[in-house]
*Asks:* 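Shown below is the structure under consideration.
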Amino acid sequence: MVETQQCRKIFISLLVFCIFYSINVLTVEAKTHYHVWDVKYTYKFPDCYKKLAITINGESPGPTIYAQQGDTVVVRLTNTMLTENVAVHWHGIRQYGTPWHDGTDGVTQCAIMPGETLDYKFVVDRAGTYLYHAHYGMQISAGLYGFIIVKLPDGVSEPFAYDHDHTILLKDWYHGSTYEEAVGLSSIPFKWVGEPQSLLINGRGRFNCSAADTASGVCNATNSDCSPYSLTVVPGKTYRLRIASLTSLSALSFEIEGHNMTVVEADGSFVEPFVTKNLYINSGETYSVIVKADQDSKRNYWITTNVVGRKPSTPTGLGIFNYYPNYHYKYPTTEPTTGPFWNDTASKLAQSRAIKAHHDYVTAPPPTSDRVIVLLNTQNLVNGIYRWSLNNISLSLPLTPFLVSLKHNFTDTFDQNPPPDTYDVENYDIYSIAENKNATSSNPIYSIDFNTTVDIILQNANTMSNATSETHPWHLHGHDFWILGYGDGKFNITKDAKSYNLANPIMRNTVPLYPYGWTALRFRADNPGVWLFHCHIESHFYMGMGVVFEAGIDKVGTLPKSIMGCGKTKHMINP
Ligand SMILES: *[C@@H]1O[C@H](CO)[C@@H](O)[C@H](O)[C@H]1NC(C)=O
Ligand SMILES: *[C@@H]1O[C@H](CO)[C@@H](O)[C@H](O)[C@H]1NC(C)=O
Ligand SMILES: *[C@@H]1O[C@H](CO)[C@@H](O)[C@H](O)[C@H]1NC(C)=O
Ligand SMILES: *[C@@H]1O[C@H](CO)[C@@H](O)[C@H](O)[C@H]1NC(C)=O
Ligand SMILES: *[C@@H]1O[C@H](CO)[C@@H](O)[C@H](O)[C@H]1NC(C)=O
Ligand SMILES: *[C@@H]1O[C@H](CO)[C@@H](O)[C@H](O)[C@H]1NC(C)=O
Ligand SMILES: *[C@@H]1O[C@H](CO)[C@@H](O)[C@H](O)[C@H]1NC(C)=O
Ligand SMILES: *[C@@H]1O[C@H](CO)[C@@H](O)[C@H](O)[C@H]1NC(C)=O
Ligand SMILES: *[C@@H]1O[C@H](CO)[C@@H](O)[C@H](O)[C@H]1NC(C)=O
Ligand SMILES: *[C@@H]1O[C@H](CO)[C@@H](O)[C@H](O)[C@H]1NC(C)=O
Ligand SMILES: [Cu+2]
């Protein structure tokens with residue numbers, strides 16, 4: 001009875017919603033795509049091991065959003081989790097004109113509370129391969145993630161040819177709860193999340209169930225959730241594979257046994273094509289590669305993904321590259337490929353450097369910048385808690401979202417002292433154990449003059465453990481940046497700025513910072529709003545590894561009330 005009433009209620013609201021938006025559609029040329037999402041916890045067996053996953057309409061990964069350049073996407077998201085907020089970020093979508101729908105808890109909105117609904121609405125202004133994922137707590141780890149695929153306008157084609165287009169989403173998977181992980185990270189003594197139990201390819205992996213777990217039903221090797229991902233190919237055909245990673249921690253290498261791939265797209269930009277045996281991919285990055293089904297078609301081949309950058313203790317993630325008409329679950333008789341050495345930073349750096357803008361699609365960066373911000377990445381202790389900091393400041397999100405505070409001139413909701421543009425470059429030894437253990441946990445912002453050009457130098461250093469420096473994939477909201485260069489050791493502006501690639505740098509939204517190295521970026525602050533720039537390793541961001549940029553706040557339109565309701569915005573919504 002209760003169920004029937006609920007169904008009717010949902011159906012009626014859906015109908016009203018569709019009619020309402022259909023009227024809107026008639027007045028514009030571009031299409032509008034409506035999605036109705038129910039976000040809730042569901043028992044899943046992605047690697048055969050039972051886990052409560054956050055699902056969208058029952059699925060993890062969630063449904064792929066398809067659209068064409070210039071279209072509008074509307075997602076009506078209802079939070080059906082009983083005790084947990086949620087916010088969803090549209091990763092790679094710049095949100096021109098709709099900075100309030102970037103989906104970043106504490107930065108651009110108040111999180112959606114249990115039982116509440118929010119309509120996200122934004123234009124996908126550029127073709128390419130993008131993502132969506134939770135941006136609240138550590139919910140990516142719990143499985144709230146998926147693809148956004150934006151096609152080119154009719155009659156326009158890519159600078160490469162293919163017969164078929166497929167998506168491959170990579171994920172590391174933990175059996176523990178995200179609550180336990182989050183509490184461990186902020187406890188004394190510190191408890192690290194550790195290496196993941198499995199690697200998933202399109203949400204599917206395989207954990208080696210123990211007899212006891214099988215007997216108790218916690219692990220079930222015959223559950224259909226964990227049947228392997230199998231990509232069926234027709235001999236002689238050419239495939240575009242859109243490969244993306246939304247790992248919580250792991251950097252990965254991806255390969256298809258016996259097949260090379262040609263890299264052609266990165267984060268929505270066309271790449272000057274290059275051939276490789278394996279693709280390195282960090283959390284938050286997307287690529288398109290071209291693969292030809294041109295090998296012996298009497299057998300199948302392994303699709304494999306491995307942890308790189310950290311000493312792995314996670315088994316290889318496996319899928320099947322299936323030549324038609326072989327049985328799609330026929331395992332190759334060969335040993336799965338093991339990928340490159342996990343510690344081969346030189347080959348990762350070489351591949352990063354090989355990624356340049358396609359010669360017909362170069363967008364030249366401004367030749368100089370108006371401001372240089374150098375961000376020293378360190379691990380610190382704040383009141384005895386392990387944190388990550390940038391120039392001694394570890395980001396703690398405010399109760400009131402920055403966007404609302406800035407638009408409404410609140411000065412008591414976040415730290416008003418501007419954060420430093422650099423660190424003590426002369427005296428800081430990036431190779432020794434971090435000494436400035438006592439960093440500050442705070443939430444100041446970098447205010448950028450609208451439409452000026454900013455260089456960001458990410459400077460890596462030793463962590464609080466001896467002889468250790470980690471890889472951090474940095475992601476910028478609201479913009480693409482030009483990648484001007486990567487280097488080893490300490491960045492020296494007089495020397496290293498001379499080696500910048502200003503001729504054909506790729507534009508991306510995510511870039512790795514390698515151990516003991518630096519990465520230089522340039523972007524134009526031409527998107528009015530407040531934008532997060534952060535390490536895409538979920539636990540690192542949770543531990544404060546991010547900064548916030550503001551530009552052109554006076555050009556931001558009236559904020560919708562739907563993003564309010566928390567902190568000082570409570571009084572701003574009418575009951
Ligand atoms: C799975 O675990 C069992 C022990 O529980 C071990 O004997 C076996 O070799 C493992 N299989 C694989 C493929 O790792
Ligand atoms: C394992 O999963 C299969 C398929 O879903 C199901 O039929 C079977 O009952 C499950 N086994 C256990 C022990 O739960
Ligand atoms: C892959 O590329 C390498 C280097 O270009 C080449 O030596 C190798 O033969 C290629 N392999 C296949 C299967 O095409
Ligand atoms: C990588 O680690 C292996 C051992 O796992 C070691 O033999 C090798 O020297 C290391 N390579 C580099 C480049 O550090
Ligand atoms: C905030 O301050 C700016 C500049 O002083 C002013 O133009 C604007 O009207 C103020 N906004 C509000 C909501 O008070
Ligand atoms: C960071 O803290 C250290 C140690 O307290 C200090 O020497 C250094 O000047 C600080 N750096 C910045 C950018 O504030
Ligand atoms: C840490 O720094 C804060 C100010 O940032 C200061 O109040 C506190 O006393 C320092 N603690 C230690 C142990 O140095
Ligand atoms: C930003 O500056 C560039 C170069 O001066 C100019 O072409 C562009 O129109 C400006 N954009 C905005 C939004 O003001
Ligand atoms: C730190 O590691 C280096 C290289 O492994 C080693 O030579 C040195 O003795 C270590 N120092 C400490 C304090 O453990
Ligand atoms: C930076 O490079 C310049 C030019 O190579 C050199 O003169 C200077 O000493 C370097 N600075 C540092 C701090 O290494
Ligand atoms: Cu990081």
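Just so you know, these numbers use all the heavy atoms, side chains as well, and skip hydrogens, waters and symmetry mates. Just so you know, ligand 1 is whichever comes first in the structure, and atom 1 is the first atom listed for that ligand.
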*Asks:* Check ligand 5 for N or O atoms under 3.5 Å from a protein N or O and list each pair with its distance.
*Replies:*
from: ligand 5; atom 1: 2 (O); to: N409; atom 2: OD1; distance (Å): 3.1
from: ligand 5; atom 1: 2 (O); to: N409; atom 2: ND2; distance (Å): 2.4
from: ligand 5; atom 1: 11 (N); to: N409; atom 2: ND2; distance (Å): 2.9
from: ligand 5; atom 1: 14 (O); to: N409; atom 2: ND2; distance (Å): 3.3

*Asks:* Identify, by atom number and element, the atoms of ligand 8 in contact range of N451, meaning under 4.0 Å from any of its heavy atoms.
*Replies:*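 What qualifies from ligand 8 is 1 (C), 2 (O), 3 (C), 8 (C), 10 (C), 11 (N), 12 (C), 14 (O).
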
*Asks:* Taking F402 as the fixed residue, which of T413, T104, V530 is the one that meets the side chain to side chain contact (heavy atoms under 4.5 Å, CB included) rule?
*Replies:*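 Considering T413, T104, V530, a side chain to side chain contact (heavy atoms under 4.5 Å, CB included) with F402 is found only for V530.
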
*Asks:* State whether the shortest distance between N or O atoms of N208 and N or O atoms of ligand 1 falls below 3.5 angstrom.
*Replies:*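 For ligand 1, there is an N or O atom that lies under 3.5 Å from one belonging to N208.
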
*Asks:* When you compare the side chain of L375 with that of L458, does any pair of heavy atoms fall below 4.5 Å?
*Replies:*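 A side-chain contact under 4.5 Å exists here.
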
*Asks:* Any nitrogen or oxygen of D526, main chain or side chain, under 3.5 Å from a nitrogen or oxygen of ligand 8?
*Replies:*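 In this structure, D526 places no N or O atom under 3.5 Å from an N or O of ligand 8.
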
*Asks:* Working to the nearest 0.5 angstrom, can you tell me the gap between L249 CG and E538 CD?
*Replies:*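 Those atoms lie 10.5 Å apart.
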
*Asks:* Are side-chain heavy atoms of D412 and K568 found at a separation under 4.5 Å?
*Replies:*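 Contact flag for D412/K568 side chains = yes.
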
*Asks:* Would you call D296 and K298 a salt bridge, taking side-chain N to carboxylate O under 4.0 Å as the test?
*Replies:*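 Result for this pair is yes, salt bridge flagged.
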
*Asks:* Scan the side chains in residues 444-454 for donor-acceptor partners under 3.5 Å anywhere in the protein, sequence neighbours excluded, and list what turns up.
*Replies:*
from: Y446; atom 1: OH; to: P420; atom 2: O; distance (Å): 2.7
from: S447; atom 1: OG; to: E550; atom 2: OE1; distance (Å): 2.6
from: T452; atom 1: OG1; to: D449; atom 2: O; distance (Å): 2.6

*Asks:* Rounded at 0.5 Å granularity, tell me how far CZ in F207 sits from NE2 in H175.
*Replies:*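 One finds 5.0 Å between CZ of F207 and NE2 of H175.
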
